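Contents: one structure, followed by commentary.
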Amino acid sequence: MSETADRLRRYLEDELGECRNEDLQERLAELDDLETVLHEDVISEDVQTLSALGNETRYRLVRLLVEADDELCVCEITPLVAVSDSAVSHALSALVDAGLVTKRKDGRWRKYRATTRASALLTVLDGSR
């Protein structure tokens, strides 16, 4: 028996008072099913999204765009945050890459909008206070 299965058997014995082979096999199957939520692509995308929110400028921009509930031109956004034009541009680019903001070119202007994912994340954060 593998070290993992042996350790799990000891755990189940402590929890259940005894551990039959069927108990162990059932729990191993449950854990295998649970492991599917750890798919590398999903984890990578989620970490990129959370990392994008982990910077104050980017977080402020997402919060601003979610609250605007509409497209904003970069010329409207920049005066609202206390950072340079290049910092706003860089932050917006990272937010687009993370799937939190969409970008649309309208002539010579670039317009940005929060995605539903950004709105959902802020709703969760607001609701957990």
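None of the values given here were measured: they were computed from a predicted structure.
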Compile the donor-acceptor pairs under 3.5 Å between side chains in residues 79-96 and protein atoms, sequence neighbours left out, one pair per line.
unit_1	atom_1	unit_2	atom_2	d
S84	OG	S86	OG	3.2
S84	OG	A87	N	3.1

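- If you chain together hydrophobic residues whose side chains sit under 4.5 Å apart, L125 and L64 fall into the same group.
- With values rounded to the nearest 0.5 angstrom, R10 atom CZ is found 11.5 Å from L24 atom CG.
- Checked for salt-bridge contact, R7 and E3 miss the test: no charged N lies under 4.0 Å from a carboxylate O.
- Atom CG in L65 sits 10.5 Å away from atom CG in L100 (nearest 0.5 Å).
- Using modelled atom types and a 3.5 Å distance limit, the side chains of Y59 and R63 yield a donor-acceptor pair.
- The closest side-chain heavy-atom distance from E71 to R104 is below 4.5 Å.
- V101 places none of its side-chain heavy atoms less than 4.5 Å from the side chain of L61.
- The list of salt bridge (Lys or Arg N to Asp or Glu O under 4.0 Å) pairs with a residue in residues 87-98, not counting sequence neighbours, is empty.
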Name every donor-acceptor pair, under 3.5 Å, that has one atom in a side chain of residues 25-34 and the other anywhere in the protein, sequence neighbours excluded.
unit_1	atom_1	unit_2	atom_2	d
R27	NH1	E30	OE1	2.8

| request: Begin from the C-alpha positions of R9 and D6 and carry the test salt bridge (charged side-chain N to carboxylate O under 4.0 Å, His left out) through to its verdict. | output: CA-CA 5 Å; R9 176 181 290 285; D6 189 43; 5.5 Å; no

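- For the atom pair CG of L8 and CD of E13, the computed distance is 10.0 Å after rounding to the nearest 0.5 Å.
- Taken to the nearest 0.5 Å, the OG1 atom of T102 stands 10.0 Å off from the OH atom of Y112.
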